[in-house]
Protein chains: 2
Amino acid sequence: MTESEFLTGYDPAAYDRPALAVDLVLMGIRAGRLAALLLRRSRQPQAGLWALPGGFVGIAETLDAAAERVLREKAGIGRARLEQLYTFGAVDRDPRMRIVSVAYLALLPEAAFAEALAGGAGLAAAVLVVPWAGEAGGPVSAGAEDGAPLALAFDHADILALAVKRLRGKLDYTDVGFALLPEHFTLRQLQDVHAAIRGAPLNKSAFRRRMRDRGWIAPTGAREAGTAFRPAELFRFDRPGQF
Amino acid sequence: MTESEFLTGYDPAAYDRPALAVDLVLMGIRAGRLAALLLRRSRQPQAGLWALPGGFVGIAETLDAAAERVLREKAGIGRARLEQLYTFGAVDRDPRMRIVSVAYLALLPEAAFAEALAGGAGLAAAVLVVPWAGEAGGPVSAGAEDGAPLALAFDHADILALAVKRLRGKLDYTDVGFALLPEHFTLRQLQDVHAAIRGAPLNKSAFRRRMRDRGWIAPTGAREAGTAFRPAELFRFDRPGQF
DNA sequence: CCAATAGTGTCTATCAGACAGTATCCA
DNA sequence: TGGATACTGTCTGATAGACACTATTGG
């Protein structure tokens, strides 16, 4: 039997299959704190709870392509660097039916995050409360910008927790800190982002030294404006496209 | 509409779905080199090529449970610590139909690896050639134990390459080195495993110092037997269950 | 004794934390 | 001038690489 003869006789519908979806963790910085974009579910199941933007994977659509489509259609964001996070496959994670979901993570610069919030997609910012709780990272809870806790749908709290953990792991040796900031930033802003992701403060001079020694930042020559004190120097990320 | 009313009216078969499978990367050490267990495909498609043990995910089966079942049924291994690696979703990765596959990684102690090879499952050991090629890790090629290259089926070369990359990333701060060794081992064996995964040699005294300082190893009091030179001290892993 | 490997001691470079000190802005 | 924050200098401890040194086995 040749390969083409085999294919002719193959029955792809022999067994029941789980449905396959993607869910997007879209992270940003909001008032100096780590935040993610969520949608309030208007329909059953779990109406009223907050969920990650998600959607089903088409039969002729790559997982990455499905994630990009959901980014456009559900979050109204043109493009972002999406990275696969983990695949969640508990049998009862969705009461409608068996749905296996591939979670993706993207980091939005501060302006893009604000723009997505202002767009008509109905997104809200969930501030992530990230206690230090050791290197492994403890549970992550989500709250509205006024501090009120948000109830998350399905297993999306697990997905958020894993996203924060992944972020932490990559913080020291990739550009995740820069990806959340505008093009020009102060070292203080950068340090605040790192502290928010770590969930613990950082030593100032050691942090500045490390950033400069790695050659990742370049001075722009400009300075902050509108401060009531000494304005900080503005830097830019010097190794775009490296990761 | 309540949640139960909604569920009654929901049609889970409205769209075509990709099939969902798991593939297992079962790693071990073979004659001091990093190796993985492969099956030679006897049937179309891609008959004669070498593939990772895999199987479809049942409709009421967790991803982890499917991986454990494949471990038993296709590899003849009772149990191992399986860890999800990545989900591969290219549209044409399997010529039969659209199959999305969740890859899992497990590390087998030297004896379990040899036992699986000797079992009746038809597994072969593919020695992985892992050039250093920078921190990111270059392409990984598989060869038989006599050095002859093995042709891999589907996108399984990509899966192996990612598994090695993941292993490298975890080498310094988890127990991956110990997981591939027998219960009692010499520091030389441990160093060889680390060097095989890194694809680059290690400094002896620095390595020993690091292992001892971390408190991960405990002396057993016993020594190697049957050597033609000074026998090495045998150690055991002192932090089982920590990772 | 030699060959071969086990195991140690020491020098040096790098890097991070701690913390105090100086610089520069606005009011 | 004072308050606030930006930015720097320096000490110290932890860790890794390099490399030579000693120790212990079988023959």
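So that the names make sense, note that chain A is the first sequence line, chain B the second, and so on, each numbered from 1. Since the structure is predicted, the reported quantities are computational estimates derived from the model, not experimental observations.
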Subject >> Nearest-nucleotide comparison on DNA chain D, the residue closer to the 5′ end among Arg214(B) and Phe229(B) >> reply: Arg214(B)
Subject >> Atom pair distance, as rounded to whole Å: NZ in Lys204(B) and C1' in dC21(D) >> reply: 11 Å
Subject >> Protein-nucleotide distance (Gln191(B), atom CD; dT5(C), atom C1'), rounded to Å >> reply: 12 Å
Original post:
Is there a donor-acceptor contact under 3.5 Å from the side chain of His156(A) to the main chain of Leu52(A)?
Top reply: yes
Subject >> Distance in angstrom units between Arg212(A) CZ and dC15(C) C1', rounded >> reply: 17 Å
Original post:
Side chain of Arg230(A), base of dA4(D): donor and acceptor closer than 3.5 Å?
Top reply: no
Original post:
Taking the side chain from Lys74(A) and the backbone from Pro53(A), do they hold a donor-acceptor pair closer than 3.5 Å?
Top reply: no
Original post:
Expressed in angstrom and rounded to an integer, what is the separation of Glu224(B) atom CD from dT25(D) atom P?
Top reply: 13 Å
**OP:** Would you indicate what Arg208(B) reaches in the nucleic acid, counting non-hydrogen atoms under 4.0 angstrom: base, sugar-phosphate, or nothing?
**Re:** base
Subject >> Separation of atom CD1 in Ile217(B) from atom P in dG7(C), rounded to whole Å >> reply: 10 Å
**OP:** Report yes or no: does Asn203(B) contribute a side-chain atom to a donor-acceptor pair with the main-chain N or O of Ala206(B) at less than 3.5 Å?
**Re:** yes
Subject >> Pairwise 5' ranking along DNA chain C for Arg223(A) and Thr186(B), keeping only the more 5' one >> reply: Thr186(B)
**OP:** Let me know the distance between CG of Asp192(B) and C1' of dT5(C), rounded to the nearest Å.
**Re:** 12 Å
Original post:
What's the CZ-C1' distance between Phe207(B) and dA18(D), to the nearest Å?
Top reply: 17 Å
Original post:
For Gly169(A), does its backbone N or O pair with a side-chain atom of Arg166(A) as donor and acceptor, under 3.5 Å?
Top reply: no
Original post:
Heavy atoms under 4.0 Å, any strand shown: does Ala232(B) hit a base, just sugar-phosphate, or nothing?
Top reply: sugar-phosphate
**OP:** Classify the side chain of Asn203(A) versus the base of dA18(C) as yes if they form a donor-acceptor pair under 3.5 Å and no if they do not.
**Re:** yes
Original post:
Is Ser205(B) side chain donor-acceptor paired with the dC19(D) base, going by distance under 3.5 Å alone?
Top reply: yes
Original post:
Is there a donor N/O on one and an acceptor N/O on the other, under 3.5 Å, for the side chain of Arg209(B) and the base of dG17(D)?
Top reply: yes
Original post:
Does some side-chain heavy atom of Leu63(A) sit less than 4.5 Å from a side-chain heavy atom of Tyr104(A)?
Top reply: yes
**OP:** Using atom CG of Leu190(A) as one end and atom C1' of dA6(D) as the other, report the distance to the nearest whole Å.
**Re:** 15 Å
